Enquirer: 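Below is the structure I would like to discuss, written out as structure tokens.
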Amino acid sequence: MMWWSAACAIAAIYCVVRGIVDLRRKHYSWGVVGLASGAVLLLTPVQTHAVKIDLPIANPH
């Protein structure tokens, strides 16, 4: 799971940097798309620790 998190972080950083470069070149539509893609990747929740809780079964008697 750590490899996927690292790959996602690298992709997000690339998208943000590419978006900033495109905005500086006055390619506003591609810049916005790059920044939005980076934001989506950075804000996507990644499950790192799963917790399982077993609740007792109610006895009908």
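This structure is a prediction, so every number in the text was calculated from the model and none was measured.
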Enquirer: Output every pair passing salt bridge (Lys or Arg N to Asp or Glu O under 4.0 Å) with a member in residues 8-35, not counting sequence neighbours, ordered by first then second residue.
Expert: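 Checked against salt bridge (Lys or Arg N to Asp or Glu O under 4.0 Å) - neighbours excluded - the pairs reaching residues 8-35 are Arg18-Asp22.
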
Enquirer: When clusters are formed from ILVMFWY side-chain contacts under 4.5 Å, directly or step by step, what else is grouped with Ile53?
Expert: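 Its cluster partners, ordered by chain and number, are Val51, Leu55.
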
Enquirer: What donor-acceptor contacts under 3.5 angstrom involve side-chain atoms of residues 30-45, with partners at least two apart or in another chain?
Expert:
{"unit_1": "Ser37", "atom_1": "OG", "unit_2": "Val33", "atom_2": "O", "d": "2.8"}
{"unit_1": "Thr44", "atom_1": "OG1", "unit_2": "Val40", "atom_2": "O", "d": "2.5"}

Enquirer: Donor-acceptor pairs are to be reported for all side-chain atoms of residues 7-15 against protein atoms at under 3.5 Å, with residues two or more places apart or in another chain.
Expert:
none

Enquirer: Can you pull out every salt bridge (Lys or Arg N to Asp or Glu O under 4.0 Å) where at least one residue sits in residues 27-46? Sequence neighbours excluded, please.
Expert: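 Matches after skipping sequence neighbours: none remain.
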
